[in-house]
*Asks:* 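Quick one: structure below, then a few questions.
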Amino acid sequence: MIISKVAELLDAKVCVGEDRLSDEVSSACGSDMMSDVLAYVKNQAVLLTGLVNPQVVRTAEMMDMRCIVFVRSKIPSDSMLELAKECGIVVMTTKKRMYEACGILYSNGLVSLEKEEEE
Amino acid sequence: MEGPVKFVYEVDGENFTSAGEASISIKKNLRLLGYNPNIIRRVAIAMYEGEINMVIHAGGGRATVYIYPDRVEMILEDNGPGIADIELAMSEGYSTAPDKIRNLGFGAGMGLPNMKKNTDEMKIESVLGKGTTITMIVKT
């Protein structure tokens with residue numbers, strides 16, 4: 001799935017990274033706990049979260065993620081967007097809640113890695 | 001023989017917002033040096049967890065990173081309170097982080113175990129009231 005499709009499915013507003021919307025992503029994870037993302041996530045390209053602070057962007061960067069979706073209409077700060085831009089990460093924000101946003105992406109083929117490994 | 005490439009970072013303990021700057025810098029440098037992405041990610045995760053720990057628990061510290069052709073060595077030193085029971089601190093889910101840190105998305109008690117998981121060698125030396133030094137090696 002290309003990143004612009006993620007934005008379209010979630011009716012999300014893209015905050016930074018418009019030039020990377022045609023990049024391909026194949027898996028995602030949803031968490032408000034960055035500790036868990038760092039400890040359990042593998043090769044997921046999209047992070048959905050309701051947590052808003054600069055460490056979300058750093059965590060995504062450490063994990064080589066390509067896209068962050070802020071759920072529940074959370075608005076990232078300018079410094080977070082600047083950091084994401086430097087790291088080449090697409091940031092978008094959606095009104096949808098975590099469960100619904102994850103469900104929509106999952107049912108449209110954006111799986112978690114465990115699923116991919118089984119296939 | 002050429003020596004290792006050395007980087008030294010002061011980790012600011014007063015500012016949780018800036019935690020991770022050293023890890024991002026090391027990641028960029030390893031990329032420039034052409035290391036394997038999986039190796040780079042392991043180094044970045046271990047170092048980032050370590051940096052976060054220094055900010056949460058020790059009021060900051062110093063991270064020294066040596067990049068050798070066959071390994072990356074990270075030495076994280078702080079002058080914090082020290083770790084009373086290292087075995088307990090290493091167990092998954094054990095955390096002494098305050099609620100304000102949990103509200104920021106950290107403090108799940110996964111930091112030290114995750115550092116160990118992402119490195120080939122990890123040594124913790126800690127003296128109560130003096131500080132902690134963690135040495136981690138990732139073979140490249």
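The figures that follow rest on heavy atoms only: side chains count, while hydrogens, waters and symmetry mates do not. To find a chain, count down the sequence lines: A is the first, B the second, and so on, and within it residues start at 1.
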*Asks:* Relative to chain B, which segment of A:L51 carries a heavy atom at a distance below 4.5 Å: side chain, backbone, both, or neither?
*Replies:* side chain
*Asks:* How about CZ on B:R62, more than 12 heavy atoms from neighbouring residues, nucleotides or ligands closer than 6.0 Å, or not?
*Replies:* no
*Asks:* Among A:A39, A:C87, A:P54, which residue has the highest count of heavy-atom pairs closer than 4.5 Å to chain B?
*Replies:* A:A39
*Asks:* For A:D78, I'd like to know if atom CG has over 12 heavy atoms of other residues, nucleotides or ligands within 6.0 Å.
*Replies:*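 Open.
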*Asks:* Could you tell me which of A:M33, A:M62, A:E61 has the largest number of non-hydrogen atom pairs under 4.5 Å with chain B?
*Replies:* A:M62
*Asks:* With a 4.5 Å heavy-atom cut-off, do B:M115 and B:N53 have their side chains touching?
*Replies:* yes
*Asks:* Among A:M34, A:M63, A:Q55, single out the residue with the greatest number of heavy-atom pairs under 4.5 Å to chain B.
*Replies:* A:Q55
*Asks:* Identify which part of B:I52 has an atom lying under 4.5 Å from any heavy atom of chain A, answering side chain, backbone, both or neither.
*Replies:*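 Just the side chain, heavy atoms under 4.5 Å.
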*Asks:* So which part of A:D64 gets closer than 4.5 Å to some heavy atom of chain B, the side chain, the backbone, both or neither?
*Replies:*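 For A:D64, the contact with chain B is made by backbone and side chain together.
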*Asks:* Distance-only, no hydrogens or angles: does the B:E51 side chain make a donor-acceptor pair with backbone N or O of B:G20 under 3.5 Å?
*Replies:*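 Here the side-chain-to-backbone pair exists.
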*Asks:* Tell me, yes or no, whether the heavy-atom count around B:R102 atom CZ, taken from other residues, nucleotides or ligands under 6.0 Å, exceeds 12.
*Replies:* yes
*Asks:* Is the terminal nitrogen or CZ of B:R71 (NZ for Lys, CZ for Arg) located under 6.0 angstrom from the six-membered ring centre of B:Y68 and within 45° of that ring's axis?
*Replies:*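 Yes, B:R71 and B:Y68 form such a contact.
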*Asks:* Counting only heavy atoms closer than 4.5 Å, note whether A:T59 contacts chain B via side chain, backbone, both or neither.
*Replies:*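 A:T59 touches chain B through backbone and side-chain heavy atoms alike.
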*Asks:* Less than 4.0 angstrom from a charged side-chain N to a carboxylate O is my criterion; do A:D32 and A:K74 meet it?
*Replies:* no
*Asks:* With a 4.5 angstrom heavy-atom cut-off, is it the side chain or the backbone of B:Y48 that approaches chain A, or both, or neither?
*Replies:* side chain
*Asks:* Can you tell which part of B:E21 gets under 4.5 Å to a heavy atom of chain A, answering side chain, backbone, both or neither?
*Replies:*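 For B:E21, backbone and side chain are both near chain A.
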